[in-house]
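What follows is one structure encoded as structure tokens, with my remarks underneath.
Computed over heavy atoms, backbone and side chain alike; hydrogens, waters and symmetry mates excluded. Just so you know, residue 1 is the first one in the sequence shown, and it goes up from there. Remember, it's 1-based here, ligands and their atoms both numbered in the order they're listed.
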Amino acid sequence: MQKILKAKVIIEAAQKPPLWNGGVLVKGERIEAVGPFKELEARYPQAEIIDFENSILFPGFINLHTHASMTIFRGLADDMPLMTWLENYIFPVEQHLRRDWVYWGAKLAIAEMLRCGVTTFVDMYLFEPEVIRAVEETGVRAALGEGLFDFPSPGYGPLEKGLALTKELLEKYAGHPRIKIIVCPHATYTCSPETLKAAASLAEEFDTIFHIHLSETKEEVALIKARYGQRPPFHLERLGLLNERLLVAHAVQLVDEEIELFANRGVRVAHCPESNLKLGSGVAPVVALLEAGVLIGLGTDGPASNNDLDFFGEMRTAALIQKGLSFDPTKLPAEKVFEMATSIGAKALKWEGLGVLAPGAQADLAVVSLEAPHLTPFYDPFSLLVYSAKGGDVTDVMVAGSFVLRKGKILTFDEEETRKRVIEIAKEVRALTQKG
Ligand SMILES: [Zn+2]
């Protein structure tokens, strides 16, 4: 069945001028045509017409780094440095983590992300098969991997089992239309060189993304330098792990030499500005990375260090901090941030057919209604989406040609039940932290 989606303005891609009174022809999972509505209507007279009226229709956002299930820890421990936060709060509570917590936490995150126009997210966590189950059921798209550590994990036990689980998932989901399995060693300070090499060879064998936290804080850089005699990027370089499969989260503490190294090796970056600010980690050199030609997209990081998954907020923060830091308002304009949130993110993830609305691309898209005081008046769609829009403004989301959010309602699962379950889980989490 063919559908023509009609909207006041259609953004096909960040580099293209917006299309006014346009239409997107969707057939099955894909987009068949994009153009003026009147032309599409004449060309495809049998197609069902869905009119979004006074709205902007745009490619779904790609959240390039998160730990979705950490919604259950949202607001549990704030206003402290990364290592204190991890070692005193997150890691101890995660020792008691349960499968159902991960599942319901992920579903809550998916509800929040869909309401912000995110259609694809990259996830690294424990009990990742539960996040995968949530993705399968909710109809969203994701790249997912079990977080790997040297120490025993509550998710899989000893490391060998984590690698075996990753391999099993890579085999099981090969060719899945909405799920891509990736290999996720947590960080260079929680994974030995042997662990990193074993993980990298798995990523190579299955030709998938190798995703790791890197150069997030000054403390991490000092620790890796003391342990291995090199800063984190050069530590990975010496292990032969810098290549086009590597997607690093954060990349805050980079020197010029490392930016050049990333560009030369084709390393990709997930920029997580709000998490970096909240944990006092610093600000990534986004403009320099973009100028060097590094593929750098946007991520929210986990909702426990953000504390929301509002992708509009993430875009706005990304743009504003670069301007403030450089005393230059021309840095990181709205269109560029939008590109990071869509097509650059897709390229960084090596996932074809995402991040643009074009013939042959996946029908992953979102709609923002212009019927709100803070979205009035309307001159430029990039400016509106990056500087004025908020999560609640998204009315409709389609993933792989199917609506998952329609007229403000999630169609694929019970959002209210999900909230209730997480409220119950939070009581158990609270009891654990009070005991500790
Ligand atoms: Zn993270």
*Is the NZ or CZ atom of R227 positioned over Y189's six-membered ring, under 6.0 angstrom from the centre and within 45° of the axis?*
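Geometry flag: not set, cation outside 6.0 Å or 45°.
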*asked:* Please report the interatomic distance NZ(K197) to OG(S192), rounded to the nearest 0.5 Å.
replied: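 Going from the NZ atom of K197 to the OG atom of S192 covers 9.5 Å.
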_With carbon and hydrogen excluded and only N/O/S kept, which atom of H65 is nearest the Zn ion (ligand 1)?_
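For H65, the N/O/S atom sitting closest to the Zn ion (ligand 1) is NE2.
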_Residue D301 atom name (nearest to the Zn ion (ligand 1); N/O/S)_ =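 Considering only N, O and S atoms, D301 comes nearest to the Zn ion (ligand 1) through OD1.
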*Kindly indicate whether the side chain of T119, heavy atoms from C-beta on, has any atom under 4.5 Å from the side chain of Q362.*
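Counting from C-beta outward, T119 and Q362 never come under 4.5 Å.
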*asked:* To 10 degrees, how wide is the angle NE2 (H67) to the Zn ion (ligand 1) to NE2 (H213)?
replied: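 NE2 of H67, the Zn ion (ligand 1) and NE2 of H213 span an angle of about 100°.
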*From H250, does some N, O or S atom reach closer than 2.8 Å to the Zn ion (ligand 1)?*
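No N, O or S atom of H250 is closer than 2.8 Å to the Zn ion (ligand 1), so no.
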*Are F312 and F61 near enough that their ring centres are under 6.0 Å apart?*
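Yes, close enough.
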